[in-house]
Amino acid sequence: MSKNNHNNTTLRYSFIAIILTVVAVGIIGRALYIMTAKKDYWIEVANQQKRVNVPDPPLRGNILSCDGQLMATTLPQYRLYFDFLAGDDIKKKDSLLNAKMDSICEGLHEIFPEKSAEEFRKHMTEGRHSKKNRHWPIWNKRVSYTTYKKVKQLPVFRMSKNAGGFHEEKNNGRSMPFGSLAKRTVGKMFEGTGMNEPQYGLEMSFDSVLRGEMGYGHRQKVRNRMLTIIDKEHVDGYDIMTTLDVKMQDVAEKAVVEEMKEDDIDIGVAIVMEVKTGDIKAIVNMERCDDGTYRELQNHAVSDLLEPGSVFKTASLMVALDDGVVDTSMMYALGNHGIHMMYGREMRDHNWRKGGYKPLKVPDILANSSNIGVSRIIDENYHRNPEKYVEGLHRIGIAEDLKVKIPGYTPPRIRMPKKAKNGQWTNWSNTSLPWMSIGYETQVPPISTLTFYNAIANGGKMMQPRIVKQKMRDGEVVATYEPVVLKEHICKESTLGAIQAMLRRVVTHGTGKKAGSKSFAVAGKTGTAQIARGKLGYKSGIMNYLLSFVGYFPFDDPQYTCIVCLRKSGTPASGGMSAQTFKKIAEGIMAHNLKRSATDLRTAETQLMPDIKSGRRDAAMTAMRLLGFAANTVQAGSDWCTFSKQGGSAKAEDLPQYSKGKMPDVTGMGARDAVYMIESRGLVTRINGRGRVTAQSIAAGNTVTPGDTCILRLE
């Protein structure tokens, strides 16, 4: 190579190096310029490509029954839409939609029978010409995953989203596996656009526990794809275990609705409480709607402030007995033919048209629910000092604010007498005390009346009603809401014993006979109260009544307290209607809780010897011992035996001995023992029927070879 060529090559390489250096410096300079002078501008551009504060919602906690069954849970739900402008060839898609429209509408009608196929056709036609034709709702409610999949199988809808136009919007919605059971107590969520708030019930009162904590993130384009990047993880809500028992709730609800249908009742309320803990096991709030159905529209059990009527008489007599102003041996005259004048007003007993009652002792006054008797006792002893009577009501707990954790709960309203400076009553009259003593001029919700009677059943200890007992996460208990004692003793022990005996007498000899059961003892009190119609008072055409029965069972060892309140327009109306509903609920609950072992079925007169199948001696003997039966055994070398009954016991006798080449006798055996004996000889067994072997296709004692088939008939 010549010297000139070498110099030219060096010159060219130097020139290229200079150019590359200039370019590199330019790139670095440009980068520094962007990183400094243009920093704010490019950050703003990047932020425009990113969505911040994208919510990452938590799953709402479950609401469980006392035995862990789901009463409310979160499940995926779908809103269904159709895009009429989807697809590359709109005309071709439209022609396909026209051809399949009848099939689509018929299919939608089968899935959603509330709407006819013709109505669906009109709806779809309207969607084509609507401004919302790219997001036209097919159905106006959320649907389950199963329903969504059914719709997805319809013609055109089964095509891809971009080609066919069918698409969905997925949300998490609340589902109640037991339908409307205890719906007003469990609660409901708003499900409108942008709303996920509790509407009522436990969903509302325990919202802070169930809700969980919202997470958030941001949407950002990464490698030409929009991804959600979580900045803060969500925290799912806790589960809560209620005290509600699904079976008891079902029993109570059916009993109330049955009574409402039978006696034309407008509103039916029932609450069942566990005596020792105050746990609410069932709560029913049924209303008869205009369309003839029965639904829960309001939680009357905790919110209704109505005059309780005669169930309040127990509280009045408890105050009098506890203050020592009356005892159970005292006798009272009950007016003239069931009518007694009190400060210019007539106090009447329920049987005044039949001549009223003769003089009665205090226990019979309560048993027969005498208005005159109770009002005389209270008025004669507290007329000059009514404050003492009202203080007594507060002392025994009937006026207690229970602080029930159910939205809508309202504490009782029992007014205290007040005097002006001149000594005149400002909120009291001469007739206030007599009428208050029999359940008027006071307002007590059913839950408060039930809690008072539950204290009577619980030996005087008043428990706060409990509706939620545990907070849980992933099956593990995080917190326990322990039973709360409101009052250790609502009255003296002697007073309590007298009241308990009176309440038992109400059911055995008085107005509560319809609540009695032949299977167990019941104690309680009936109540019938007229309901005032606002400013119109008690005399305004057809009268409304509140019919009640509250009691506990079994009387000797109280397990549950129950109140039934029925609101009815017009007559006939009596507390007996509630008493018979109480009986159905009590007997249903006791039947559900009845547990007996096989040994309990034996009596001194009858020895029930079980029918024992032939077979393995040791297995049969073990079963006999566990059931408490004696068996006479014989000494033998065989492990196989048959049994015969002898005077209340069973005698085991050896089965005939057969060699391995002979067919055994398996009659009388169960399928398992028979198959074992036959197949141990190499035979094949086929079984027809159930029970014990009554016939075998190869007779006992016959010679058999491995592979032979024996057919057994079981009956």
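Note that this is a predicted model, so its numbers are computed, not measured.
- Looking at Lys418 and Glu387, no side-chain N of the basic residue comes within less than 4.0 Å of a carboxylate O on the acidic one, giving no salt bridge.
- Using a cutoff of 4.0 Å between basic side-chain nitrogens and carboxylate oxygens, Arg415 and Glu441 are scored as salt-bridged.
- A pairwise comparison of heavy atoms in Ile585 and Ala252 identifies CG1-CA, 3.9 Å as the closest pair.
- By the ring pair (Phe, Tyr, Trp, His ring centres under 6.0 Å) test, Tyr357 pairs with His350, sequence neighbours left out.
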Step by step, work out the ring pair (Phe, Tyr, Trp, His ring centres under 6.0 Å) result for His340 and Tyr332.
CA-CA 12 Å; His340 182 68; Tyr332 285 81; over 10 Å; no

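- Closest approach of Asn285 and Glu296 over heavy atoms only: N-OE2, 2.8 Å.
- Between Gln500 and Ile456, the shortest heavy-atom distance links the atoms NE2-O, 2.8 Å.
- Contact check for Met502 versus Leu321: side-chain heavy atoms found under the 4.5 Å cut-off.
- Side chains of Asn458 and Tyr552 form no contact here, defined as non-hydrogen atoms less than 4.5 Å apart.
- Between Phe553 and Phe520, the two ring planes are tilted [angle within 30° to 60°].
- Checked for salt-bridge contact, Arg466 and Glu274 miss the test: no charged N lies under 4.0 Å from a carboxylate O.
- The minimum heavy-atom distance between Lys568 and Asp264, with the atom names listed, is CG-O, 3.9 Å.
- Contact record, Leu547 with Ser578: O-OG, 2.7 Å, taken as the closest heavy-atom pair.
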